[in-house]
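Here's the structure we're looking at; comments come further down.
Below, chains carry the letters A, B, ... as their sequence lines are ordered, and counting in each starts from 1.
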2 protein chains.
Amino acid sequence: MPPVREALSRDRVVAAGVAVADTEGLAAVTMRRVAAELDCEAMSLYHHVPSKDALLAALADEAARLVVQEAAAITADDWVDAVRRRCLAARDVMVRHPWAAGLLAAQQQSPPSSWALYEQLVGTLTEAGFDDDLAHRAIHSLGSMVFGFSTELFEPDGGDSTPDPEIMATMAQHMPNLARMAASVVHEVDGALSVCDTRAEFEFTLGLVLDGLERERVRRATA
Amino acid sequence: MPPVREALSRDRVVAAGVAVADTEGLAAVTMRRVAAELDCEAMSLYHHVPSKDALLAALADEAARLVVQEAAAITADDWVDAVRRRCLAARDVMVRHPWAAGLLAAQQQSPPSSWALYEQLVGTLTEAGFDDDLAHRAIHSLGSMVFGFSTELFEPDGGDSTPDPEIMATMAQHMPNLARMAASVVHEVDGALSVCDTRAEFEFTLGLVLDGLERERVRRATA
DNA sequence: ACCTGAACACCGTTCAAGT
DNA sequence: ACCTGAACACCGTTCAAGT
């Protein structure tokens with residue numbers, strides 16, 4: 001007789017964590033509570049997730065994956081239209097999962113699932129005539145709109161300046177636009193691979209916002 | 001003989017919490033650990049803070065207060081200069097306290113200390129010729145740059161549409177610009193006091209960013 | 001009034017033992 | 001291999017008792 005309960009898996013553990021966070025809030029996400037959701041004991045989760053912190057990181061990544069999934073289907077002739085609608089769809093996902101913003105902001109490393117969003121964005125922007133440098137600035141600006149600002153791009157090892165070649169290889173294969181852009185931008189900043197000057201990115205986005213506000217002020221004053 | 005130890009107070013408890021978060025991370029902020037920092041027992045903290053969640057909210061508010069303190073001193077003839085430098089100073093504070101971004105993003109209500117930043121911003125923008133509607137959009141745009149997006153303005157009671165008149169009175173007294181702007185914008189949206197359409201604010205900021213990127217793309221293409 | 005010791009219910013995690 | 005019971009150290013919080 002086959003077992004009545006479906007076998008546990010990392011995916012099922014993460015899904016149960018999302019369900020608990022959605023219905024009872026992030027504070028209710030305890031190992032025991034998630035296990036109960038799966039009709040098993042807390043200790044069984046440790047066969048699929050190394051620790052509670054890892055589970056929380058997986059929840060943050062799952063939120064990013066849902067964002068990517070929502071955005072992936074959206075295309076438009078005009079790049080502005082496409083990107084605007086993708087950002088709004090992404091925001092809808094974040095609003096549906098109120099625990100996601102705080103959790104993503106608390107992560108030290110950018111969730112791997114979020115890379116696919118940037119890959120798609122860079123592809124769209126490149127097609128629209130963006131050079132790699134501007135595309136790079138753009139994904140920082142737009143990433144901070146969607147996920148909040150604290151997450152840093154291209155620092156998968158948390159500030160270590162020598163990137164994992166295996167990760168780079170996987171990236172090059174599955175994310176050609178992102179890989180090309182990274183290589184190009186890296187070249188420009190003289191070999192400091194995997195390090196974004198996040199203050200410069202912040203200043204750039206801030207400049208976009210301030211310029212736009214000043215333009216709108218003048219438009220209203222002369223209208 | 002007077003007691004050797006300084007008496008506990010809410011301020012000392014919050015300061016100890018910040019110290020622990022700065023040196024050992026947010027996870028180390030437990031009631032027992034904070035108490036140890038103050039040479040007392042965990043239970044003593046409950047005379048100054050109602051719960052651990054309240055302590056964490058107080059830490060978020062303290063981060064906002066530090067941001068305000070840093071920004072308050074900065075003035076400039078040009079409003080763009082003043083606001084840019086204040087935002088960068090604010091960001092420096094956030095970077096110095098890496099726990100602050102996640103904690104602020106996790107808060108359901110905007111920390112009271114953050115209001116002073118918006119009061120200052122609205123004052124500066126009004127002086128520079130912004131109407132109240134544009135000033136309102138501006139503080140949403142800039143607030144999301146500094147603190148992240150999730151915190152909602154003017155919803156001190158968490159979505160309840162009838163605002164506390166006492167809070168409004170205090171606000172009117174100490175934050176004239178903010179109070180005037182709130183009243184003006186409220187009037188415009190037909191009586192739905194204390195409710196910002198945060199999706200509209202998001203769309204506005206997104207529009208600023210997208211327009212700025214497109215402008216930069218064209219500038220580079222024609223250069 | 002402010003502080004505290006003991007206690008309770010709960011948590012993350014380890015480990016030896018089951019299947 | 002995957003799962004679990006018992007156990008440990010730790011946590012937030014209550015409460016009665018101290019000063």
Just by protein heavy atoms under 4.0 Å, how would nucleotides 5-12 of chain D read 5' to 3' in B, S and -? BBB---BB

Pair pattern of DNA chain D in dot-bracket, where unpaired bases get dots and | marks partners in another strand, Watson-Crick or G-U under 3.5 angstrom: ||.|||||...|||||.||

Less than 3.5 Å apart, which donor and acceptor atoms pair up between the side chains of residues 60-73 of chain A and the rest of the protein, not counting sequence neighbours?
unit_1 : atom_1 : unit_2 : atom_2 : d
A:D61  : OD1    : A:S113 : N      : 2.9
A:D61  : OD1    : A:S113 : OG     : 3.3
A:D61  : OD2    : A:S113 : OG     : 2.7
A:E62  : OE1    : A:R65  : NE     : 3.0
A:E62  : OE2    : A:R65  : NH2    : 3.0
A:R65  : NH1    : A:Q69  : OE1    : 3.4

Without decimals, in angstroms, what is the distance between B:R10 CZ and C:dC2 P? 15 Å

Please give, in whole Å, the distance from D:dT4 P to A:L45 CG? 10 Å

By side chain to side chain contact (heavy atoms under 4.5 Å, CB included), B:A54 pairs with (sequence neighbours left out) B:V49, B:P50, B:S51

State which residues pass salt bridge (charged side-chain N to carboxylate O under 4.0 Å, His left out) with B:R10; sequence neighbours excluded, sorted by chain then number. none

Pairing donors with acceptors under 3.5 angstrom, does anything connect the side chains of A:T205 and A:R137? no

By salt bridge (charged side-chain N to carboxylate O under 4.0 Å, His left out), A:D92 pairs with (sequence neighbours left out) B:R199

Roughly, in whole Å, what's the span from CG in A:D39 to C1' in D:dC3? 14 Å

Closest heavy-atom pair, B:M181 versus B:I139, reported as atoms and distance to 0.1 Å, is CE-CD1, 3.7 Å

Once hydrogens and angles are ignored, does a donor-acceptor distance under 3.5 Å link the base of C:dC3 to the side chain of B:H47? yes

Does the side chain of B:H48 get closer than 4.0 angstrom to OP1 or OP2 of C:dC3 through an N or O atom? yes

Can you name the nearest heavy-atom pair linking A:V13 to A:L45, along with the distance? CG2-CD2, 3.9 Å

For residues B:T75 and B:T124, determine if any side-chain heavy atom of one lies less than 4.5 Å from a side-chain heavy atom of the other. no

